[in-house]
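Only one structure is covered here, and it is reproduced in the block below.
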Amino acid sequence: MEKNRRTVNCGQLTIGDVGKTVTLNGWIHRNRDHGGVHFINLRDRYGITQVVIDEEASEDLRNTASELKMEFCVAAVGTVRARPEGMVNEDMATGEVELAVSELEVLNSCLPLPFMVDSEEEPNENLRLKYRYLHLRTQGMQDRIKMRHDATWAVRNYLTDKGFWEVETPTLIKSTPEGARDYLVPSRVNPGRFYALPQSPQLYKQILMAGGTDRYYQIARCYRDEDARGDRQPEFTQIDLEMSFASRDDVLETVEGMMVKTFKDVLDVDVPTPFPRLSWQEAMENYGSDKPDLRFNMKFQDFAPFVSGSEFGVFKSVLESGGTVKAMVVPAAAEVYSRKKISELEDVAKSRGARGLAWMKVTAEGLDGGVSKFYTEQAAAIKNNLDAKEGDLILLMGSDWKTAVTSLGAVRVKLGADLGLTKPEEFKFCWVIDFPLFEKNEETGNWEPAHHMFSMPQERFLDTMEENPGEVLGDLYDMVLNGNELASGSVRIHDPAIQSRVFDIVGFPKKEAEERFGFLLEAFRYGAPPHAGLAVGFDRMVMVMAQMNTIRDVIAFPKNTQGISPMDNSPSPVDADQLADLKLAIIEEKQEDKA
RNA sequence: GGAGGUGUAGCGAAGCUGGUUAUCGCGCCGGCCUGUCAAGCCGGAGAUCGCGGGUUCGAUCCCCGUCACUUCCGCCA
C-alpha cells in the first residue's frame, strides 16, 4: 500500500491542481469503456473524480482498466488535467478536471454485487442490513452517519461550554425488574447471578449529583428488552444529562439551547425558542396524544353542547356514563374523503379501542352525510361553534375520555400524513409538562408511577398527595418534535422522606426498596443536592433531522424488528462449554402439537 | 400474543377479473464503439413466481396453512 497510497482524495481536485501528479485511492463507482477512451468515476467518502485511460495508454494499462468492475478498490496514479472545452461537468465538485492515468493498481476486487451501491432504488431492508458494509457506501448512509457524528459533536461542544462533564457509568449493573424487561448477563464468577444491561444510567447519574459532579452528561447506550418499532430497537443511544441545584426550567432552557445549537450546526436550521409548553392535560384534550405533532392544527373541540339536542343516542349515553364527545374539523377534506376512506379512518380509531367514528360533511347549506340527519336543527350552531367551513369534514368521537381522545388522536395522526400536512423538513418542537405522577393500574387497582419512582411531585401536591394520588402532577417533562417523543425527564426526589411517601403510595415495600436501590437512598441521606435532568433519544433526534422514518436508517449496525442483526446473525446459539461455564441450561420448548 | 401490508431472475418492479414462450429497467456475460459522465449499440445467460397443501381440465393469480420481512396494537419505569 505504501507505494500507491493516496496523495489526494476523490473530492478535492480543482482546476488549480492541473499539471500535478497525484495518486487517488477509491472504489469504481462508474465504468464507461468506449473502446478507445475509458472513463472511470472513482469514489471515496470525499467525492468522485473522473479518471481517464486514453487510447494512447500502454497496453498493460488498458488491459488492467478493462478488467475493472463495479466497486473494485483501486489506486490510480496520474496527472491532473483540465477537461476539454465543453466537457466540464457542472454537477461534480471535481468536474473541471480529470486524472490522466499512468498507473492503475487493483487493491482489491469485488464480487458481483447483491445490489447497486449507487441505485436510486433501495433494496429491501433485510438485504441492506445483511450487506451493511455495502449499504454504508451509499451517499444516503454516508450523509446520515456524518450527520450523526456532527450531532454528537455539537452536543458535546454545547454541554462542555455549559460546564457539563461527560462521565461514563457501568453497563453491567443490577437488575431492577420494574419498567422494561432487562437484558441479563450471567456472571461466571458468581454462578446463578446476573448483571443487567442498563435501561438508562438513571441511578448512577443521580449518584453523580450526590457526588458533587454538578453537571453530568453522557452519550449513553441503553438496552431494553421490548418489541421493536420504527423508532425503537433493543439498544439505543441517549444524550443523558443531569443538573444539580436546578429547577425544571433550568433543564428545559438548557436543552432548548442544545437543540438550537445542534440544529444550527448540523442543518443550518434556526429553531425558535422558547418551545411551546403544553400541559399533559392540554395535549391529550386537544391532540389526543402526549406527543402531539404541531406541524398541523386540527385541534379537538368539545361536542358535548350539541349532544342533548339531538336524537343520536350513542353520544347521549356516552355523556350519561361520564364519557367525552370530541369533534375534529378536517379542513377541505369532505370531497377527498369518501365513505370508504372514512371507514379506513374508523379502523384506525377502532384499533385504539374506539367503537366507531361518526362523521358529517359541511356544505354551504348545512351538514350532509353520516350522522348529519341527527343534527340538522343545530347545523348552523355547530358550524359556527366549531369554526367549520364548507367543504370541511367533521369527525366525531364519543367514548370514555381516554379512549375518545387517544383514538381520535390516532385518526389525527393518520390524517396529517394522508393530507400531506407533515412536511419532514419542518421542525416543530414543544414541551409537554405537568404529567400525572401516578397512574392507576386498571387490573390491580394499584397506583403505579407514570414515569419512575424518583420523580418529584409538584410542590402544591406535597401536603396532600396521599389523599388522591391520581390528581398529583409531577415535575415531569417530555420534549416532543414532530410527533416524536424526543426526550423525557424530571425533577428528582432528593428528600428521603418524600421518597419514602412515594414508595408507600405505589405500594413498594421499604425492604425491597432498600434491597434494590438502597445505595441511592443511602446517598440521599448524605446531603444530596436537589437535582433534575433528562435524556434525549439521540437516534430519534437524528432520524427526524435526517427526515427518515426509522432509527435503523441512522444507526450504522441496527437490528431488525425481530431483534436480529442479519449481517452477523446475532443472537446466536452458544457452545455447550460456554453454558457449562455459566452453569446455565437451555429449557427446550415443548411441542404442543403432539396429542 | 394480536391486526394489516409485502414476498415474481442478483436488485427494483409489471403481470387487470385463473389459460402469456412469465414482461420491463438496472446489474451480470460476450461483442462493437475516441469524450463519456445514469454513455450508447448488438447479442446472451439468468425465475422450482417465499414454502406446503387445497379448489380447478388448468393457479404467479382463488382458498387454507406456514415462514420471512415490515407497519401498527399489546409491551416500552
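All chains are named by letter (A, B, ...) in the order of the sequence lines, taking the proteins before the strands, and each is independently numbered beginning at 1.
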- Query: Is A:Lys291 paired with A:Glu485 through a side-chain N to carboxylate O contact shorter than 4.0 Å?
  - Reply: no
Please determine if a side-chain N or O atom of [X] lies less than 4.0 Å away from the OP1 or OP2 oxygen of [N].
X: A:Asn124; N: B:C69; result: no
X: A:Arg232; N: B:C72; result: no
X: A:Arg32; N: B:A39; result: yes
X: A:Lys69; N: B:C29; result: yes
X: A:Arg229; N: B:C73; result: yes

Rounded to the Å, how far apart are [X] [atom1] and [N] [atom2]?
X: A:Asp33; N: B:C33; atom1: CG; atom2: C1'; value: 9 Å
X: A:Glu344; N: B:C72; atom1: CD; atom2: P; value: 17 Å
X: A:Ile53; N: B:C37; atom1: CD1; atom2: P; value: 17 Å
X: A:Met70; N: B:A39; atom1: CE; atom2: C1'; value: 13 Å
X: A:Ile28; N: B:C37; atom1: CD1; atom2: P; value: 18 Å
X: A:Arg30; N: B:G27; atom1: CZ; atom2: C1'; value: 11 Å

- Message: Heavy atoms only, 4.0 Å cut-off, all strands: where does A:Asn41 land among base, sugar-phosphate and nothing?
- Response: sugar-phosphate
For [N], give the paired nucleotide (Watson-Crick: N1-N3 plus N6-O4 or O6-N4; G-U: N1-O2 and O6-N3; both under 3.5 Å), or none.
N: B:A39; result: none
N: B:A45; result: none
N: B:A68; result: B:U6
N: B:U55; result: none

Return the nearest nucleotide to the side chain of [X]; candidates are [options].
X: A:Pro84; options: B:C11, B:G35, B:C37; answer: B:G35
X: A:Asp227; options: B:C11, B:G35, B:G1; answer: B:G1
X: A:Met116; options: B:G35, B:C28, B:C26; answer: B:C26
X: A:Arg352; options: B:C75, B:C37, B:C72; answer: B:C72
X: A:Pro123; options: B:G35, B:C69, B:C11; answer: B:C11
X: A:Gln50; options: B:C75, B:G35, B:G27; answer: B:G35

- Task: For the pair A:Gln238 and A:Ser200, evaluate side-chain hydrogen bond (donor to acceptor under 3.5 Å, both in side chains) and give the outcome as yes or no after the intermediate values.
- Result: CA-CA 8 Å; A:Gln238 288 188 342; A:Ser200 81; 4.9 Å; no
Under 3.5 Å, is there an N or O donor on one side and an acceptor on the other linking the side chain of [X] and the base of [N]?
X: A:Arg128; N: B:G12; value: no
X: A:Arg83; N: B:C37; value: yes
X: A:Glu85; N: B:G35; value: no

- Query: For A:His34 and B:G35, is the gap between ring centres under 5.5 Å while the planes differ by less than 30°?
  - Reply: no
- Query: Has A:Phe39 got its ring stacked on the base of B:U36, with centres under 5.5 Å and planes less than 30° apart?
  - Reply: yes
- Task: State whether a side-chain donor-acceptor pair under 3.5 Å links A:Asp434 with A:Gln458.
- Result: yes
- Task: If the plane angle is over 60° it's perpendicular, under 30° parallel, otherwise tilted; pick one for A:Phe438 and A:Trp447.
- Result: perpendicular
